[in-house]
Amino acid sequence: MHKVSVIGAGVSGQGLALLANNLGYKVFVSEKKSISDDAKLIFTRNNIDFEEGHTDKVFDCDEILISSGIPPQSEILRKAENLGVKLTGELDFVIPHIRTENLICVTGSNGKSTVTSLIGHILNRSGKKTGTGGNLGTASSVFTSEDFDSVVLELSSFQLARATKNLHSKVSVITNLAPDHIDWHGSYEAYVEAKSKVLTLRDPDGWGIIQDRDFEILRPTGKIIVLSWGAKPEHVTQGHIFMSDDKAILTLNGQSSTLFNYSDTTLIGSHNLENVAMSLCSAKLTGVDIDDVKNLLDGFRPLPHRCEDAGTVDGVKYIDDSKGTNVAATVTAMKSIKGRKIIILGGQGKGEDYAPLAEAVKSECDYAVLIGEEAGKIQAALENSGYKNFRKAENMEEAVNISQSLAKPGMIVLLSPACTSWDMYKSYKARGEHFCRIVREKSGKL
């Protein structure tokens with residue numbers, strides 16, 4: 001019997017273990033830290049052995065399956081390589097077993113969760129049986145047990161870094177590229193190389209959708225559609241999504257048509273207009289009729305903490321973009337949301353350069369309120385840029401109070417920290433929920 005060990009017992013690891021078990025393999029799961037009670041119950045019910053804390057038992061196998069997020073420099077992986085144990089990434093193991101002829105793979109530095117969810121929503125609204133998951137929260141292995149018209153997967157750079165086999169994707173999307181997870185990959189070049197695999201490993205006849213501005217760094221081949229805000233893209237490809245003043249226009253095989261009018265969506269920000277355009281284009285490429293755009297988009301709500309309307313207090317709108325955990329995401333949010341703004345910045349850093357953030361704050365925001373471990377570094381960047389309209393706050397309550405005192409009716413208070421939350425909160429979700437709760441209290445809607 002083929003014996004496999006799974007490294008990691010999170011959502012991805014559980015999915016790998018169950019799939020391997022269903023394929024008839026003898027499975028052993030090794031988790032460096034503690035395993036949740038729910039996971040233990042799943043393993044026990046399926047006669048899957050497991051351990052908390054890696055031991056040499058993990059090497060007693062024919063193959064090691066690596067769940068999402070296990071760093072390449074992990075000691076357990078280095079030891080396995082030295083022992084000559086076969087290592088297989090999550091995608092290489094799972095993708096061949098996914099039961100659909102329309103696989104859509106989505107990655108990118110920002111917006112990939114929104115695009116993945118929105119494509120799934122559009123396909124379901126069109127009457128297609130669609131599975132939506134991957135790095136979004138539902139393990140990709142879930143879609144190996146029954147047939148689907150379409151499956152849409154969000155793929156992280158961690159997952160893609162270990163991918164070597166054909167993804168079998170009919171459509172591959174890279175929403176955008178910006179420095180992120182450099183500590184994990186070692187360099188921006190390695191990060192881009194991982195992301196680009198969603199294109200290089202797609203079906204030979206499959207489509208790729210990217211930003212025109214990312215063309216040079218990706219150098220894609222095959223059938224490519226580029227998105228730009230210019231009527232003529234810089235690069236000649238088989239298709240073009242032109243973002244005009246009031247609508248998105250798709251040119252495909254020499255034929256142009258309106259993809260959607262901006263008034264068809266309630267999503268906030270120009271970056272979300274790009275997300276809608278890429279999502280509708282992806283659905284169209286799988287053969288879905290997208291003429292009734294309003295119906296297809298109806299009912300879709302922005303994912304929590306991604307430029308989400310948190311409420312209005314005294315004529316001031318508060319927007320929760322707690323998911324803005326890197327400089328690029330926050331700069332995009334600031335530039336995409338029109339109007340006079342006050343921004344709340346700070347948290348635990350990722351070692352990024354804050355100079356681009358400071359320049360964006362200087363051009364887009366009346367004031368900045370700084371919190372968390374990175375407050376001092378962000379302040380230094382703001383001062384170096386000549387920007388002096390900042391205040392420091394000890395916590396979120398004080399940050400919102402200061403913002404409220406500075407804001408005038410018609411303005412926007414934007415929480416988009418450009419940092420992780422781990423210095424003050426257990427997750428970006430907890431941070432965003434706290435911000436929203438404070439706003440609701442002030443608006444009397446709690």
Side-chain angles (χ1 to χ4, degrees), residues 100 102-108 110-134 136-138 148-154 170-176 207 209-211 225-229 239-252 255-310 317 319-321 323 329 332-333 336-338:
T100 186
N102 288 313
L103 179 61
I104 302 173
C105 294
V106 181
T107 194
N110 298 297
K112 56 186 177 293
S113 295
T114 297
V115 170
T116 302
S117 301
L118 183 51
I119 294 173
H121 177 86
I122 291 167
L123 293 175
N124 277 311
R125 291 284 293 180
S126 72
K128 304 294 183 182
K129 180 182 178 182
T130 304
T132 306
L136 189 62
T138 301
F148 291 87
D149 294 322
S150 298
V151 171
V152 192
L153 297 180
E154 176 190 321
K170 179 165 284 189
V171 182
S172 286
V173 182
I174 299 182
T175 57
N176 49 63
W207 284 91
I209 303 174
I210 66 173
Q211 296 272 356
I225 295 172
V226 295
L227 179 149
S228 75
W229 288 85
H240 176 218
I241 300 172
F242 165 45
M243 308 297 293
S244 73
D245 291 337
D246 59 354
K247 60 186 174 183
I249 300 169
L250 174 64
T251 299
L252 194 60
Q255 300 295 316
S256 296
S257 60
T258 297
L259 196 55
F260 76 106
N261 294 304
Y262 299 161
S263 58
D264 293 332
T265 180
T266 59
L267 296 183
I268 297 172
S270 58
H271 63 302
N272 270 323
L273 297 178
E274 296 177 358
N275 292 338
V276 174
M278 287 184 164
S279 300
L280 286 167
C281 185
S282 298
K284 182 179 179 67
L285 293 172
T286 65
V288 171
D289 182 354
I290 62 168
D291 288 342
D292 191 1
V293 171
K294 285 191 175 181
N295 178 54
L296 293 175
L297 298 179
D298 185 50
F300 182 79
R301 298 290 177 266
L303 297 176
H305 319 300
R306 295 164 173 85
C307 287
E308 182 181 21
D309 188 348
K317 178 182 282 190
I319 295 177
D320 169 18
D321 188 43
K323 186 61 171 65
T332 297
S336 296
I337 298 170
K338 305 306 178 186

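Keep in mind it's a predicted model, so treat the numbers as computed, not measured.
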Search all heavy atoms of [X] against all heavy atoms of [Y] and return the closest pair with its distance.
{"X": "G108", "Y": "I174", "answer": "CA-CG2, 4.3 Å"}
{"X": "G239", "Y": "L252", "answer": "CA-CD1, 4.3 Å"}
{"X": "I241", "Y": "A248", "answer": "CG2-CB, 4.4 Å"}
{"X": "S256", "Y": "I249", "answer": "CB-CG2, 4.2 Å"}
{"X": "A283", "Y": "I122", "answer": "CB-CG2, 3.8 Å"}
{"X": "N272", "Y": "C307", "answer": "ND2-CB, 4.3 Å"}

Q | I209 and L227: CA distance, side-chain angles, deciding distance, side chain to side chain contact (heavy atoms under 4.5 Å, CB included) verdict | A | CA-CA 8 Å; I209 303 174; L227 179 149; 5.6 Å; no
Report the residues that fulfil side-chain hydrogen bond (donor to acceptor under 3.5 Å, both in side chains) with [X], sequence neighbours left out, ordered by chain and then residue number.
{"X": "S150", "value": "none"}
{"X": "K284", "value": "none"}
{"X": "N102", "value": "K170"}
{"X": "S279", "value": "none"}

Give, for atom [atom1] of [X] and atom [atom2] of [Y], the distance between the pair rounded to the nearest 0.5 Å.
{"X": "T114", "Y": "E154", "atom1": "OG1", "atom2": "CD", "result": "9.0 Å"}
{"X": "L273", "Y": "S336", "atom1": "CG", "atom2": "OG", "result": "8.0 Å"}
{"X": "S113", "Y": "L118", "atom1": "OG", "atom2": "CG", "result": "12.0 Å"}
{"X": "T175", "Y": "I210", "atom1": "OG1", "atom2": "CD1", "result": "11.5 Å"}
{"X": "L123", "Y": "D149", "atom1": "CG", "atom2": "CG", "result": "9.0 Å"}
{"X": "N124", "Y": "T132", "atom1": "CG", "atom2": "OG1", "result": "6.0 Å"}

Q: Using ring-ring contact (aromatic ring centres under 6.0 Å, His included) as the criterion, list what pairs up with H271, not counting sequence neighbours.
A: none
Q: Applying ring-ring contact (aromatic ring centres under 6.0 Å, His included), name anything that partners F242, two or more places apart in sequence or on another chain.
A: none
So, [X] side chain and [Y] main chain: donor-acceptor pair closer than 3.5 Å or not?
{"X": "D289", "Y": "D291", "answer": "yes"}
{"X": "T116", "Y": "V106", "answer": "no"}
{"X": "T100", "Y": "L103", "answer": "no"}
{"X": "Y262", "Y": "S270", "answer": "no"}
{"X": "T130", "Y": "V151", "answer": "no"}
{"X": "E308", "Y": "H305", "answer": "yes"}

Please list, chain by chain and in numerical order, all residues satisfying side-chain contact (heavy atoms from CB on, under 4.5 Å) with [X], sequence neighbours excluded.
{"X": "T266", "answer": "none"}
{"X": "S228", "answer": "D212, P233, H240"}
{"X": "S117", "answer": "L136, F300, L303"}

Q: Identify, with sequence neighbours excluded, every residue that meets salt bridge (Lys or Arg N to Asp or Glu O under 4.0 Å) alongside D292.
A: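 Not a single residue meets the salt bridge (Lys or Arg N to Asp or Glu O under 4.0 Å) criterion with D292.
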Q.
The criterion is salt bridge (Lys or Arg N to Asp or Glu O under 4.0 Å); which residues satisfy it with K129, sequence neighbours excluded?
A. E146
Q: Report yes if some heavy atom in the side chain of V293 is under 4.5 Å from a heavy atom in the side chain of L280; otherwise report no.
A: yes
Q: Report yes if the side chains of V276 and D264 come closer than 4.5 Å at any heavy-atom pair, otherwise no.
A: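 Answer no - side chains too far apart.
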Q: Carefully, step by step, assess I290 and L259 under the rule side chain to side chain contact (heavy atoms under 4.5 Å, CB included).
A: CA-CA 8 Å; I290 62 168; L259 196 55; 3.5 Å; yes
Q) When you look at L285 and I225, which way does the side chain to side chain contact (heavy atoms under 4.5 Å, CB included) test go after all the steps? A) CA-CA 11 Å; L285 293 172; I225 295 172; 3.9 Å; yes
Q) Which pairs, with at least one residue in residues 296-306 and sequence neighbours excluded, count as a salt bridge (charged side-chain N to carboxylate O under 4.0 Å, His left out)? A) R125-D298
Q. Is there a side chain to side chain contact (heavy atoms under 4.5 Å, CB included) between K112 and M278 once you walk through the steps?
A. CA-CA 10 Å; K112 56 186 177 293; M278 287 184 164; over 6 Å; no
